[in-house]
Amino acid sequence: MRSRLDKAMQRWRLWLVVLAVAVVGLYFFIARSRPDSSTQAPPDAVHTIVPVAAAPTKLGDMNQYISAIGTVTAYNTVTVKSRVDGQLDKVNFTEGQLVKAGDLLAEIDPRPYQVQLTQAEGTLAKDLASLENAKILLARDQELYNQKVLARQDLDNQQAAVGQYAGSIQSDKGAVDNAKLQLVYSRITSPITGRVGLRLVDAGNIIHATDATGLAVITQLQPIAVDFGIPADDLPRLQNAMKANSRLPVDAYNRDFKHQLAAGTLLTTDNQIDQSTGTIKLKASFPNQDNALFPNQFVNAKLLVNTLHNAILIPAAGLQRSQQGLFVYVVKPDQTVEMRSVTVGATQGDVIAIATGLAAGDLVVTDGVDKLQQGSHVNVQTAAVPPAGTP
């Protein structure tokens, strides 16, 4: 029995030795597989390269604008109406036609007014003959009175008759002129130069001078105006600009500021601020030779109030803000970045003019700044600088 116990103890000791040898071998294997600390690079020798986009600063002029939504308004809008009653014989315009002042638009039946003119001329001729006869009688009565054959009262009566005929002739001439004027009014002409709208009356209808609706509406397109309002806070800048230039440039753009529709000049300002909106109304004039502007069209108006010359320009995306103030990341020749404090001179759309802190040609990071810090290594892709004054 004892021999059996001795054999079992020997087996357990053998397994313990084998297990110990295996543990020691595993320890040495793991220790050897670890990299030697003496061959590892120091932490500051490993750099993470951050991909960024950067744009070089440029030296140029920055136009400063005041932008506002405006409405195109016609200088003149006329509803063409008849000044006499009658049947509309002819319509001499087409819808949408460009007409000039004095162009014949329509004709009303002139025959009733020609008859009135003939009657007035006949009455005038009759009264002219009566006047001549009265003058002859007056001369005869004057001679008889001088011979003391005719009483003074008869002479005075004849002289009064001459005066009455003379007055009738003046009235007759007025009637003739009025009949001629009615004939003129039977030919309806354009009072202004502009575009004719849709026809409101067709030929053959009887029209009257008292009709509420006219024949058509004519709108002047050249020149044309744009009305827009700017905040009252911008009024000092506008006043200073107007002192230097009484005809400030104004550009009209489409809804998204991507296409310039027309160029004009500031015409005038309103004489008071609208208290309900806190804005003041302005009016600009545009030649509109290509008819790019249309009445009641909404446009974006850009009023040029100042120009900064030889300014350091960067994209707005490059300017960063912190508790210490404004700064930019500048890429150095060794492809690391430097945090540089700057002061802003002016901002216009996507472009910023830097007053201090940068020089022309400095490479400013515009994208990827969220992963940067002082001294970070970067891989730069050059970005474009928007034109100065981009809305």
request  = List the steps and the verdict of side-chain hydrogen bond (donor to acceptor under 3.5 Å, both in side chains) for Asp211 and Thr213.
outcome  = CA-CA 6 Å; Asp211 290 341; Thr213 58; over 6 Å; no

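- Closest heavy-atom contact between Asp85 and His208: OD1-CA, 3.0 Å.
- Gln320 contributes a side-chain N or O that, together with a main-chain N or O of Ala317, makes up a donor-acceptor pair within less than 3.5 Å.
- A pairwise comparison of heavy atoms in Ala166 and Leu131 identifies N-CD1, 3.9 Å as the closest pair.
- With sequence neighbours excluded, the residues satisfying side-chain hydrogen bond (donor to acceptor under 3.5 Å, both in side chains) with Gln222 are Asn291.
- By the 6.0 Å contact criterion, CD on Gln153 is open, its count of non-hydrogen atoms from other residues, nucleotides or ligands being 12 or less.
- Leu238 contributes atom CG, which lies 6.5 Å from atom CG of Leu248 (distance to the nearest 0.5 angstrom).
- Using modelled atom types, one side-chain atom of Lys81 and one backbone atom of Ala212 make a donor-acceptor pair closer than 3.5 Å.
- Residues Val78 and Val217 do not share a hydrophobic cluster, clusters being chains of Ile/Leu/Val/Met/Phe/Trp/Tyr side chains in contact below 4.5 Å.
- Look at Asp103 and Lys100 and you find no salt bridge, because none of the NZ, NE, NH1 or NH2 atoms lies under 4.0 Å from a carboxylate O.
- Under the salt bridge (Lys or Arg N to Asp or Glu O under 4.0 Å) criterion, no residue pair touches residues 121-145, with sequence neighbours excluded.
- The main-chain N or O of Arg195 is never found under 3.5 Å from a side-chain atom of Thr219 such that the two would form a donor-acceptor pair.
- Side-chain contact, Ser285 with Thr265: no donor N or O sits under 3.5 Å from an acceptor N or O.
- When hydrophobic side chains of Ile, Leu, Val, Met, Phe, Trp and Tyr are connected at separations under 4.5 Å, Met339 ends up clustered with Val50, Val52, Phe327, Tyr329, Val331, Val337, Leu363, Val365, Val369, Leu372, Val378, Val380.
- Summarising the local packing, CD of Glu95 is surrounded by more than 12 heavy atoms from other residues, nucleotides or ligands at distances under 6.0 Å.
- Nearest approach of Val91 to Ala203, heavy atoms of both residues: CG2-N, 4.0 Å.
- In terms of modelled atom types and a separation under 3.5 Å, the side chain of Gln260 and the main chain of Tyr253 share no donor-acceptor contact.
- Put simply, the side chain of Asp154 never gets that close to the backbone of Leu150: no donor and acceptor are under 3.5 Å apart.
- Counting all heavy atoms, side chain and backbone alike, Asn92 lies closest to Gln97 at O-OE1, 4.3 Å.
- By the 4.5 Å heavy-atom criterion applied to side chains, Glu107 and Ile188 are not counted as neighbours.
- The backbone N or O of Ser168 lies less than 3.5 Å from no partner atom in the side chain of Ser171, so there is not a single donor-acceptor pair.
- Salt bridge present: Arg152 and Asp156 bring a charged side-chain N and a carboxylate O closer than 4.0 Å.
- Under the salt bridge (Lys or Arg N to Asp or Glu O under 4.0 Å) criterion, the residue pairs touching residues 351-374 are Arg340-Asp362, with sequence neighbours excluded.
- The distance from the OG1 atom of Thr279 to the CD1 atom of Ile230 is 9.0 Å, given to the nearest 0.5 Å.
- The number of heavy atoms from other shown groups lying within 6.0 Å of CD (Gln374) is above 12.
- Across every non-hydrogen atom of Asn300 and Arg255, the tightest pair is ND2-O, 2.9 Å.
- Remark: side-chain polar atoms of Asn288 are paired, donor with acceptor, to backbone N or O of Ala292 under 3.5 angstrom.
- Listed by first and then second residue, the salt bridge (Lys or Arg N to Asp or Glu O under 4.0 Å) pairs that reach into residues 305-319 come to none, sequence neighbours excluded.
- Across all non-hydrogen atoms, the minimal contact from Pro191 to Val80 is CD-CG2, 4.4 Å.
- Residues meeting the side-chain hydrogen bond (donor to acceptor under 3.5 Å, both in side chains) test with Tyr165, sequence neighbours left out: none.
- Proximity of a side-chain donor or acceptor of Gln297 to a complementary backbone N or O of Phe294 within less than 3.5 Å is detected.
- Both Leu266 and Ile66 are assigned to one and the same hydrophobic cluster, defined by single-linkage of ILVMFWY side chains at heavy-atom distances under 4.5 Å.
- A donor atom on one side chain and an acceptor atom on the other are not found under 3.5 Å apart for Asp61 and Asn63.
- Side-chain atoms of Pro315 and Asp350, non-hydrogen and from C-beta on, never get closer than 4.5 Å to each other.
- Residues Gln87 and Asp109 have side chains that never bring a donor and an acceptor to within less than 3.5 angstrom of each other.
- Heavy atoms from other residues, nucleotides or ligands lying under 6.0 Å from CD1 of Ile69 number 12 at most.
- Cluster annotation: Val299 and Phe257 are assigned to distinct hydrophobic clusters (Ile/Leu/Val/Met/Phe/Trp/Tyr, side-chain heavy-atom contacts under 4.5 Å, transitive).
- At distances below 3.5 Å, not a single donor-acceptor pair connects side-chain atoms of Asp227 with backbone N or O atoms of Lys283.
- The backbone N or O of Ala101 sits nowhere less than 3.5 Å from a side-chain atom of Ser190 that would complete a donor-acceptor pair.
- One finds the CD1 atom of Ile49 at 11.5 Å from the OG1 atom of Thr336 (value rounded to the nearest 0.5 Å).
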